[in-house]
Number of protein chains: 4
Amino acid sequence: MSRKTKQERRRELLDAARDAFVVKGFAAATVDDIVANADVARGTFYLYFSDKRAVFEALVDEFLARIEACVKSIDLSHPDPPVVQLNANIRRIVELALAEPAIVKLALHDATGLDPELDEKLHGFYEGLRDLIDESLGQGQALGMVRAGDRRVMVAIGLGGLKEVLVDAVAGHVERDANAITEEIMRFLAGGLLARG
Amino acid sequence: MSRKTKQERRRELLDAARDAFVVKGFAAATVDDIVANADVARGTFYLYFSDKRAVFEALVDEFLARIEACVKSIDLSHPDPPVVQLNANIRRIVELALAEPAIVKLALHDATGLDPELDEKLHGFYEGLRDLIDESLGQGQALGMVRAGDRRVMVAIGLGGLKEVLVDAVAGHVERDANAITEEIMRFLAGGLLARG
Amino acid sequence: MSRKTKQERRRELLDAARDAFVVKGFAAATVDDIVANADVARGTFYLYFSDKRAVFEALVDEFLARIEACVKSIDLSHPDPPVVQLNANIRRIVELALAEPAIVKLALHDATGLDPELDEKLHGFYEGLRDLIDESLGQGQALGMVRAGDRRVMVAIGLGGLKEVLVDAVAGHVERDANAITEEIMRFLAGGLLARG
Amino acid sequence: MSRKTKQERRRELLDAARDAFVVKGFAAATVDDIVANADVARGTFYLYFSDKRAVFEALVDEFLARIEACVKSIDLSHPDPPVVQLNANIRRIVELALAEPAIVKLALHDATGLDPELDEKLHGFYEGLRDLIDESLGQGQALGMVRAGDRRVMVAIGLGGLKEVLVDAVAGHVERDANAITEEIMRFLAGGLLARG
DNA sequence: CATGAATGAGTTTTCATTCAT
DNA sequence: TATGAATGAAAACTCATTCAT
């Protein structure tokens, strides 16, 4: 029977760490929790990660990469109209969140105030996301597809709204159907909450 | 020179704790940091709070109470029309957030996953807020003032958007003018992001 | 309404301390427990006793004095025969123990290993008691009233037996009638446990 | 050179704790004292015992088990007559006590009032012992080998006397020869202290 | 005399990390 | 590679004692 490869062990440890962090949060989860989940000895952990922060960072990196993969720049020369492309972006993010609930809780909730380096990383990610959306909104405004307004505030509301919906969906506070959620988000973006007078 | 009253001392410790938490985050801040900020001995802390969690909880309690005080139920028999009342609610919250940037960061950002009891408290607070807004939306829908849609999702987007704007405002990512922010939020609620086709 | 005298306050503190020590033992009882029992402020305690050890010492002193008062040297010229005098000594001790159960637990059980000074005191008391009994036994042996044997062992057995009976009586493990207990002790001293062959 | 086994390390810590307790008493001895005696790091202690109370309890458990092993029920069908069997029981206990002076001091002297659980354990042990002796005395009375009397008091005196002799022997107050001590105890049981009139 | 807030030394306890096997 | 016993720095927490009022 063949030994596990390095990659498999690393994967197991990542998953074990993810579970531990989701249950107890980064600060309260111990390396002991992680190795217990992974069913390996304490020392083994340090063969794969330099320290506790490193696993967390690896997990966040992984998640950010997967989110980034969901977001495709709106391309005006694309056969689909921009609204459809936006819709597809949002649906991919919602689907990812519903498929990996643990990691949503982790990266969107728990990841701040741990240590400066990590905060930096998450902050950078959000900043990148904000810039991306900001830019798109600017493009949209130029084309008359997005209404006028303070774009940073518009971005914040949009991003915050999306985050909250995902967290709530994962927590079961709102329904867990990707299409329905995406639809509702689109309606919000298209028309706000209030009825047209 | 008169000794400080218990209330004053408690206030000092609360402020000292808030500063420590803001600088280092809840997990990394130590009771030592707090008492150093407050310029009292280690033991003094424990005369006022049972442990680190307790001060944090007190800070969050205080803040949540102040937010609650900002929100007044929409009253249809009020001389001001509902939209104006909504606007006033939002402005009060935005003003509070801008006045207490440190606590916003703490309560809206750091406060999850620390310990079950605190999570419960925050959860209860948000649940209450969600119910209140949900109900108001229902009323609005019945009166034709709010468009149709899945109210839980609508609430989540609205609440999340608001939270993010506040945190971003506090962090300096968006402009820090209460009126401007309120206006922008109202525009989002009234018409979403996209231009009318 | 007249203030309490120093003596009254001191008495209250002694009683409060006795209760605290009986409930929690010397080490676990805090000065807080004592002043709470006495219903005075923390600082007041130190107006009457130099420290925690001092109250305990005062309590033990008091108790030892009362025990010593129970024990009267056997006097051959006394109208009562020696056995009757012994009986009276024992009954007085048993009565004291039943009247002051708390203090039995304290001085006979809890008082060792606290600090060298206290150990010294108790040790000295026991040594004195042992010497007293040893001497009496020697006298008795010389007069043919006490059988031959290693007096130190005889003393130890007698003293240990008495202590245990008192502790058990106080704890309710044996009956709590002073006369019956005294009788039974006398029978033990007079004839051991085994029936005459 | 091979690492120590868990059992060896545990043994070292038990011995180190015993020494610390004997020197300073349970209350005054610190975990630091224990690990210093054992020459291990502070944390190591907690790999083997949950806290100071736990080591003490383990020490007491061990000793109680060994005492229990000394006591064999009197068997009337045994070739040795009951008195000889009793004598053997007592000698075994005395020998154990002389062999383990440190633990005698701990278990018979220091062990009460530390914490409820331990008190319970000791209480249970003594209760068991008391019941055993009580029963044997009852048997003896039925057979006319033990004189009449309140058995609970008889047990208390006998047990207390034995305890005190052991503690005194260990402390050097009485001679330390197992046979001589056993003899003297037997004489006490057989005939009390007073000479036959 | 009495108060009780404040002190800070002394302990306990945890846990990330190392390293001999 | 893997193990898990050992480490010890870092925190948390307690409580006898002091002292300004």
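Since this is a predicted model, take the numbers as computed values, not measurements. We name chains A, B, ... by the order of the sequence lines, and we start the count at 1 in each one.
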- Using a cut-off of less than 4.0 Å, is there contact between a side-chain N or O of D/Lys4 and OP1 or OP2 of F/dA5? no
Between C/Ser50 and D/Ala41, whichever has its closest DNA chain F nucleotide further toward 5' is D/Ala41
Walking DNA chain E from its 5' end, the first of D/Asp51 and B/Leu47 to be reached, judged by nearest nucleotide, is B/Leu47
D/Leu13 CG to F/dA6 P, in whole Å, measures 9 Å
Tightest non-hydrogen contact, residues D/Ile103 and D/Leu59, listed as CD1-CD2, 4.1 Å
Sequence neighbours excluded, the answer for ring pair (Phe, Tyr, Trp, His ring centres under 6.0 Å) partners of D/Phe49 is D/Phe45
When rounded to whole Å, the CD to P distance for the pair D/Glu12 and F/dA5 reads 15 Å
The side chain to side chain contact (heavy atoms under 4.5 Å, CB included) partners of A/Asp51 (sequence neighbours excluded) come to A/Arg53, A/Ala54
Does F/dT14 have OP1 or OP2 sitting under 4.0 Å from an N or O in the side chain of B/Tyr46?
no
Contacts of D/Asp33 meeting side chain to side chain contact (heavy atoms under 4.5 Å, CB included) (sequence neighbours excluded), chain-then-number -> D/Ala20, D/Lys24, D/Ala29, D/Thr30
Between CG of B/Asp39 and C1' of E/dG8 the distance, given in whole Å, is 14 Å
Rounded to whole Å, CG of D/Asp33 lies from P of E/dT12 at a distance of 8 Å
Practice problem: Report yes if a side-chain nitrogen or oxygen of C/Tyr48 is closer than 4.0 Å to either non-bridging phosphate oxygen (OP1 or OP2) of E/dA2; otherwise report no. | Solution: yes
Within the sub-3.5 Å range, which N or O atoms of nucleotides 9-11 of chain F have a protein N or O partner, and how far apart are they?
none

Applying side chain to side chain contact (heavy atoms under 4.5 Å, CB included) to D/Asp15 and not counting sequence neighbours gives D/Arg11, D/Arg18
To the nearest angstrom, the CZ-C1' distance between D/Arg10 and F/dA6 comes to 18 Å
Quick note, side-chain hydrogen bond (donor to acceptor under 3.5 Å, both in side chains) partners involving residues 38-47 of chain C, not counting sequence neighbours, are C/Asp32-C/Arg42
All stems that DNA chain F takes part in, i.e. 3 or more consecutive Watson-Crick or G-U pairs with distances under 3.5 Å, are E:2-21 with F:2-21
From NZ of D/Lys24 across to C1' of E/dG10 the rounded distance in Å is 11 Å
Does F/dT1 have OP1 or OP2 under 4.0 Å away from a side-chain N or O of A/Arg9? no
Atom CZ of A/Arg53 and atom P of E/dC15 are separated, to the nearest Å, by 19 Å
Side chain to side chain contact (heavy atoms under 4.5 Å, CB included) filter on A/Glu12, not counting sequence neighbours, yields A/Lys4, A/Arg9
When rounded to whole Å, the CZ to P distance for the pair C/Phe45 and F/dC19 reads 17 Å
Heavy-atom nearest pair, C/Ile34 first then C/Ala16, reads O-CB, 3.4 Å
Sequence neighbours excluded, the answer for salt bridge (charged side-chain N to carboxylate O under 4.0 Å, His left out) partners of A/Asp19 is none
